[in-house]
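From a predicted model like this one, the values you see are computed outputs, not experimental measurements.
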Number of protein chains: 2
Amino acid sequence: MRVSGKHLRSIELADDGWSCRIIDQRMLPHRLVHAKLCSLEEVARAISEMWVRGAPLIGVTAAYGLALAMRADCTDEALTEAHRVLFSTRPTAVNLRWALDRLTKALQTACPSDRESIAYKMASKLAEEDVRCCEAIGTHGLTLFEQILQKKSHSGPLRILTHCNAGWLATVDWGTALAPIYKAQAAGMDVHVFVDETRPRNQGASLTAWELVQQEVPHSIIVDNAGGHLMQHGLVDLCIVGSDRTTASGDVCNKIGTYLKALAAADNGVPFYAALPFSTIDWTIRDGLREIPIEERTPREVTHVRGRAHDGRFEEVAITPSESTARNFGFDVTPARLVGKIITERGIADANEESLAQLYREGGESS
Amino acid sequence: MRVSGKHLRSIELADDGWSCRIIDQRMLPHRLVHAKLCSLEEVARAISEMWVRGAPLIGVTAAYGLALAMRADCTDEALTEAHRVLFSTRPTAVNLRWALDRLTKALQTACPSDRESIAYKMASKLAEEDVRCCEAIGTHGLTLFEQILQKKSHSGPLRILTHCNAGWLATVDWGTALAPIYKAQAAGMDVHVFVDETRPRNQGASLTAWELVQQEVPHSIIVDNAGGHLMQHGLVDLCIVGSDRTTASGDVCNKIGTYLKALAAADNGVPFYAALPFSTIDWTIRDGLREIPIEERTPREVTHVRGRAHDGRFEEVAITPSESTARNFGFDVTPARLVGKIITERGIADANEESLAQLYREGGESS
């Protein structure tokens, strides 16, 4: 994607050929700051403290974390420990486990002295696959957008509501939920995006809005409370979100608050789509509400807000009484019955086991 | 209500006998700052800039605004102008119109020289009525709480979710949605309140939480996105909210985001109540979605957050890219079909025209 006119990816191998260059997303939208990750520990910290976030990007970053670990120590013990450390950084996103398992399995059977180069190659392959996946999601999603635009007889822009950030900052490039929007823009379609700010960490207000500014996509930021009102008044043509984990039956676990938007979409007949790579589907589970562990994060993300003060400094301000406590759940589960379509790199499925499994079978080799 | 052990009302006649003493609610929860309103202009500013807010409190404050206007100039022209100025401060709350019309009607037929004293008397009467109303709402609401607690066999605390602030800070004393909670506490009931932070102005995180701290009611602050997840997991026994305007048919217009919580409550079989004085019912309208004007406020409430910096200063921080725009709708409408019961000072009604009208007839003289 473009940033100030230049092409940029959310994660890249640095010029030194071994360290990992990421965007420290905590500084957005106010500053574009790159960071270099040089060790397993730095990668683990970058994931758990959310310098990087988004299920696909977490997976790729963790893969580079394994490569860095093998560079430092290629023994079996080091491999086991690196898997453990990285796996514990975030509990909800299934891509993390998927990427770690995939690399670890290959590395375990490899000769220790080959592990470093194998890990780097696999991490790089994972990143390239993610880019192809996301672009394909964009292409498939665009066909749905075109259908909806046709239904409304092309009157006015296609008005899209999205929650959190499922853009290129959540992946390596393109994004998942935002990929069809970028494809639509490239195809000359008139779009307007309503961006949920997405408390508590404001990934919509800070990351999605920043991406859309960079790509010059027309948008309005709204509070998370506003989407229902917009849909009641016919101001939203479709909702599209990403997913951190999807069950075999089509339940979508995504950023907290997604479920509320899905309810409003259902109540107002607005199409609700989840866009996700196949790697986000956890084929081992069927009941998202019971089986997906929901990360509970520090109350401080609720009680304090970080932003740019008038003099340009970053400042964190308290917005609650110091005597009050807060609860901070990271994700919720939108039951399959509320999900209209699931857009994957292999095509579009209904949110049910049969339809997802059919795409999987048709897709041939697992991506 | 108690603040640091002392009884306090949200609005009172000052010791000078003519000016009006309010709490500047923009400073909460960090500082308790009183302000003195000495003129029509100061009252209008305090309402439009939300030093005071909450439908019932807006009504009472506007009544004192008329009294201050009559004190300065008791002519017909001044009365008309005062009504116009105050009426234009906030478009959604019906109590504002109700209070202004009630006073203006009486003042128009009065001798100009009597207008000042009549206006002060009526404003004071309005305030006293509001206190009685809210306490009665508390008493009626408590009976519903008791029923729900009985149904869950008194196992664990009664877990209540509320949105925005419909506490004593939104009224003169007691509150509407919080009144039954205070009554429950007084009756020795074990309660726990989930407080929606209520973006964009955070009235839950700042005002409701502050009230509950003062009254020592156990509570947790959550982001507006979290309520659906809590309800899916059986962690909420009931939702209770206030109302800024209620149609004759039971549609409830309340702080933006209320509708999303009502949808989640319906989806999970959680009782959803609106607590409101009769003065909040607009008997002239039946379709809340079409007929209630929704205030759109400055985008700055979305793009910036105000709070207390680590050194105690108040600071406003930007949380969005400076190039992005925002939309800021103040309220939404929850259709009657999603509202379980409406709790008023006259008793409890179903959210439909017949049930509300019956309470009205039974209630005798309009309060």
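For the set B:I222, B:L28, B:I256, the count of heavy-atom pairs under 4.5 angstrom toward chain A peaks at B:I256. In terms of heavy-atom pairs under 4.5 angstrom with chain A, the leader among B:H163, B:E197, B:E323, B:H233 is B:E197. Contacts with chain A were tallied for B:A266, B:P218, B:A209; B:A209 has the most, counting heavy-atom pairs under 4.5 Å.
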Test log, rule side-chain contact (heavy atoms from CB on, under 4.5 Å), inputs A:L260 and B:L263: CA-CA 8 Å; A:L260 294 172; B:L263 285 169; over 6 Å; no
Test log, rule side-chain contact (heavy atoms from CB on, under 4.5 Å), inputs A:N328 and B:V223: CA-CA 8 Å; A:N328 183 14; B:V223 295; 5.7 Å; no
side-chain contact (heavy atoms from CB on, under 4.5 Å) between A:R337 and B:D267, intermediate numbers included: CA-CA 12 Å; A:R337 68 184 150 88; B:D267 199 46; 3.0 Å; yes
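A:T325 is not listed as a side-chain neighbour of B:I221, based on a closest heavy-atom distance of 4.5 Å or more.
Taking the charged nitrogens against the carboxylate oxygens, A:R308 and B:E315 have no contact shorter than 4.0 Å, which rules out a salt bridge. Using a cut-off of 4.0 Å between Lys/Arg side-chain N and Asp/Glu carboxylate O, A:D196 and B:R199 are scored as not salt-bridged.
With hydrogens and angles ignored, the 3.5 Å screen pairs no side-chain donor or acceptor of A:H310 with any backbone N or O of B:V317. A donor-acceptor pair under 3.5 Å is formed between the side chain of B:H30 and the backbone N or O of A:A318. Remark: side-chain polar atoms of B:Q232 are paired, donor with acceptor, to backbone N or O of A:V333 under 3.5 angstrom.
Pairing each heavy atom of B:P321 with each of A:A205, the nearest pair is CD-O, 3.1 Å.
No side-chain N or O of A:N225 forms a donor-acceptor pair with one of B:Y259 less than 3.5 Å apart.
Summarising the geometry, atom CG belonging to A:D332 is positioned 10.0 Å from atom CG belonging to B:L230; distances are rounded to the nearest 0.5 Å. Rounded to the nearest 0.5 Å, atoms OG (A:S324) and CG (B:L212) are 7.5 Å apart.
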